[in-house]
Amino acid sequence: MHSPRFVLTPPPATAAGPHPHHQAPTMIRVRFAPSPTGYLHVGGARTALFNWLFARHHGGKFILRIEDTDEARNTDAARQAILDGLRWLGLDWDEGPEAGGDHGPYFQSQRKPIYDAALARLEAAGRTYTEENGAVRFKFSRTAITVRDLVCGDVTFAPTEEPDMTLRRPDGSYIFHFVNVVDDAEMGITHVIRGEDHLSNTWKHMDLFAALGKDAPVYAHIPLILNPGGSKMSKRDEGASIQSYVDSGFLPDAVFNYLCLLGWTPRAEGEKLDRATLVSLFDPAGVHSANARFDMHKCAWFNAQYLRELDPAALLAAARPFLEKAGIIVTDDSLAAAALQSVKEKVSRLAEFPEWVHYFFREDYPTEEDALAKLRAKPENPALLQAAAAAFQALTEWTEPAVHTAIEDAAKGAGVKPGALMPLLRFALSGQTRGPGVATIAHLIGKERTLGRIQSALAKMG
RNA sequence: GACCCCUUCGUCUAGCGGUUAGGACACAUCCCUUUCACGGAUGCGACACGAGUUCGAUUCUCGUAGGGGUCGCCA
């Protein structure tokens, strides 16, 4: 952790054009190489995120490569889930599926000739041997190998006593470690940022790079994301799948921001930081080396922060699918936008909106039973509601301040504080005991529906 | 079993020999308030343990314990 770290990259060229005495700075090339398992895991997403930040920070290339050598698990749907998840997070790739590039193909399933050629080179160098059943193995160099890791520092592995590693199965298909290294070499990957679970195998990869006559990339092994219980995040854990954030109404920017802070602390004021700031501050050497536990509470807090920044139109656009999914029919966009606006500081996820605003959109909204019981308990309540109805009836203009004043006047006329009347009206107009200001609700639903709802509340009470 | 990484409030973390150990989320209380929230204020709360180095360890070294990971003809 405290071992010296080398300078990450040469400083960017200050002047345009080639300089006779300096080599052009190498273009940073990083990659995210998921295997299509059917969903994008939050840990993988953060790995992709760090790679993306690094590429963008240095003006380099972010490459997406699909490691689909496992035929059984490789389906279009599984592949699509990865792409969708990355796109939702805003992690655009410069080379890869649907983007093209000069180093393709970007599916391992289509790169067999490249692997065959690389294997031939290893064979020519005398670094392989074939077993009786046809499997091909790699002769380890069996020397001490030091991984110079941006996050973990120098990690030295003693000469191995493990059996030589298999490169190719008898059926001709290749093993992960081999194709991974060949692809990184062929694609000119300069930095490998990946989960710490790969650290223990990195010496094998370096051994392979050396045998191939290539320089190994610079490594940065980032800590794993653990579930609240402290063990590795699995499919079943809340928040494990990126799709679950989409479904519960997270905003991509919020998830992006939260994931950045799991293991990395940008040296900036505050924690809510936009992408441009995150990009400009990112440095893998500043990544923490201990695993981090996932905290849905904090992730939701970030989402609430980002939700509040949405203007009414953007909020409606974001929430509309969730309203529709809950059976709410939006016929008046300005009403819907205002209704959402009125409760947006009360929710942290878009999926929570329907339960807060459903009564703005229909008259057959449910009523909270215990609240109804409370209202029935006081015999003077119906008269208070009648007084409010009368005050509303007399109003000629239906603005929020006018409605508010009418409520206060009605309370005064009945000899009670506004605070005694408000809860009654809230219940009558929304069926709920919580929500936006009463005057806001009345104003938004309009005079006619306000009066109608008071009458039906009186009917229920009496 | 071997090897590798890790260990500061419940959680994410700042700290890089001398600090009243700081912040964020969560939690509690108070203020604001027609409800629920937001916001503001305050509080609760941590250096895993044991040696060593040093005038002095959260910080450096070693050990122990605990957690995680890797040792596939999975990726």
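Reckoned from all heavy atoms, side chains included, excluding hydrogens, waters and symmetry mates. All chains are named by letter (A, B, ...) in the order of the sequence lines, taking the proteins before the strands, and each is independently numbered beginning at 1.
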Exercise. Starting at CD1 of A:I225 and ending at P of B:C12, how long is that distance when rounded to a whole Å?
Worked result: 11 Å
For this session: Identify whether any heavy atom of A:E67 sits under 4.0 Å from a base atom; if not, whether one sits that close to sugar-phosphate; answer base, sugar-phosphate or nothing.
Result: sugar-phosphate
For this session: Write down the distance separating the P atoms in B:U13 and B:A51, rounded off to the nearest Å.
Result: 30 Å
For this session: Please state the C1' separation for the pair B:G45 and B:C36 - nearest whole angstrom.
Result: 28 Å
Exercise. Using the ring of each side chain (for Trp, its six-membered ring), is A:F282 parallel, tilted or perpendicular to A:W264, with breaks at 30° and 60°?
Worked result: perpendicular
Exercise. Rounding to a whole Å, what distance do you find between A:E400:CD and B:U34:C1'?
Worked result: 13 Å
Problem set entry | Protein-nucleotide distance (A:I222, atom CD1; B:C5, atom C1'), rounded to Å | 14 Å
Exercise. Roughly how far apart, to the nearest Å, are B:G52 and B:C44 at atom P?
Worked result: 34 Å
Exercise. Under 6.0 Å between the ring centres of A:Y258 and A:F294?
Worked result: yes
For this session: Report the glycosidic orientation of B:C38: syn if within 90° of 0, anti in every other case.
Result: syn
Problem set entry | Length of the line joining A:Y115:OH and B:A75:C1', which is rounded to integer Å | 12 Å
For this session: Between B:U11 and B:C27, how far apart are the P atoms? Round to whole Å, please.
Result: 16 Å
For this session: Rounded to the nearest angstrom, tell me the gap between atom CE in A:M233 and atom P in B:U11.
Result: 16 Å
For this session: Send over the distance from A:N227 CG to B:U11 C1', rounded to a whole Å.
Result: 13 Å
Exercise. Any salt bridge between A:E95 and A:R31, counting N to O under 4.0 Å?
Worked result: no
Exercise. Please give, in whole Å, the distance from B:C16 C1' to A:H288 NE2?
Worked result: 12 Å
Problem set entry | Nearest-angstrom distance, C1' atom, B:A14 to B:U53 | 26 Å
Exercise. Does the pair A:E355/A:R434 count as a salt bridge with the N-to-O cut at 4.0 Å?
Worked result: yes
For this session: Classify the nucleic acid contact of A:F157 as base, sugar-phosphate or nothing, counting any heavy atom under 4.0 Å across all strands shown.
Result: sugar-phosphate
Seminar exercise, completed: The Watson-Crick or G-U wobble partner of B:U42, with both key distances under 3.5 Å, is B:A28
Exercise. Of A:A290 and A:L262, whose nearest nucleotide on RNA chain B comes first from the 5' end?
Worked result: A:A290
Problem set entry | Separation between the C1' atoms of B:A24 and B:A65, rounded to whole Å | 30 Å
Problem set entry | Base-pairing mate for B:G1 - Watson-Crick or G-U, with both contacts under 3.5 Å | B:C71
For this session: For the pair A:Y365 and A:H358, name the ring-plane relationship: parallel under 30°, tilted 30 to 60°, perpendicular over 60°.
Result: tilted
For this session: Between B:U58 and B:G17, how far apart are the C1' atoms? Round to whole Å, please.
Result: 10 Å
Below 3.5 Å between N/O atoms, which protein atoms pair up with nucleotides 35-43 of chain B? Just atom names and distances, please.
| from | atom 1 | to | atom 2 | distance (Å) |
| --- | --- | --- | --- | --- |
| B:U35 | O2' | A:T433 | O | 2.6 |
| B:U35 | N1 | A:R426 | NH2 | 3.4 |
| B:U35 | O2 | A:G435 | N | 2.7 |
| B:U35 | O2 | A:G435 | O | 3.2 |
| B:U35 | N3 | A:R426 | NH2 | 3.1 |
| B:U35 | N3 | A:G435 | O | 2.6 |
| B:C36 | O2 | A:K346 | NZ | 2.4 |
| B:C36 | N3 | A:K346 | NZ | 2.6 |
| B:A37 | O2' | A:E345 | O | 2.3 |
| B:C38 | O3' | A:R308 | NH1 | 3.1 |
| B:G39 | OP1 | A:R308 | NH1 | 3.3 |

Exercise. Are the aromatic rings of A:F353 and A:F322 close, with centres under 6.0 Å apart?
Worked result: no
Polar-atom pairs under 3.5 Å, protein N or O versus N or O of nucleotides 70-73 of chain B: list them with distances, or write none.
| from | atom 1 | to | atom 2 | distance (Å) |
| --- | --- | --- | --- | --- |
| B:U70 | O3' | A:N201 | ND2 | 3.2 |
| B:U70 | O2' | A:N201 | OD1 | 3.2 |
| B:C71 | O2' | A:E162 | OE1 | 3.4 |
| B:C71 | O2' | A:E162 | OE2 | 3.1 |
| B:C73 | OP2 | A:T166 | OG1 | 2.8 |
| B:C73 | N3 | A:N133 | ND2 | 3.1 |
| B:C73 | N4 | A:E131 | OE1 | 3.3 |
| B:C73 | N4 | A:N133 | ND2 | 2.8 |

Exercise. Side chain to side chain contact (heavy atoms under 4.5 Å, CB included) with A:E67: which residues, sequence neighbours excluded?
Worked result: A:A33, A:S35, A:R65, A:Q108, A:F176, A:N180
Exercise. Now, which nucleotide makes the Watson-Crick or G-U wobble pair with B:A14, with each of the two distances under 3.5 Å?
Worked result: none
Exercise. Looking only at atom C1', what distance separates B:A57 and B:G15, rounded to whole Å?
Worked result: 13 Å
Seminar exercise, completed: Contacts of A:V155 and A:G263 projected onto RNA chain B by closest heavy atom; the upstream (5') one is A:V155
Exercise. Taking any strand in view, what nucleotide pairs with B:C60 in a Watson-Crick or G-U wobble way, both distances under 3.5 Å?
Worked result: B:G52
Exercise. Taking the side chain as C-beta and beyond, is there a heavy-atom pair between A:M187 and A:Y106 under 4.5 Å?
Worked result: yes
Exercise. Per the atom types in the model, does the base of B:A26 pair as donor or acceptor with the side chain of A:K298 at under 3.5 Å?
Worked result: no
For this session: Using Watson-Crick or G-U wobble geometry with both distances below 3.5 Å, tell me the partner of B:C36, or none.
Result: none
Problem set entry | Flag, side chain of A:R142 to backbone of A:P159, donor-acceptor distance under 3.5 Å | no
For this session: In whole angstrom, give the distance that lies between atom CG of A:L261 and atom P of B:C12.
Result: 12 Å
For this session: Check whether NZ of the Lys or CZ of the Arg A:K272 lies under 6.0 Å from the centre of the six-membered ring of A:Y306 and within 45 degrees of that ring's axis.
Result: yes
Exercise. Side chains of A:F32 and A:I193: does their closest heavy-atom pair fall under 4.5 Å?
Worked result: no
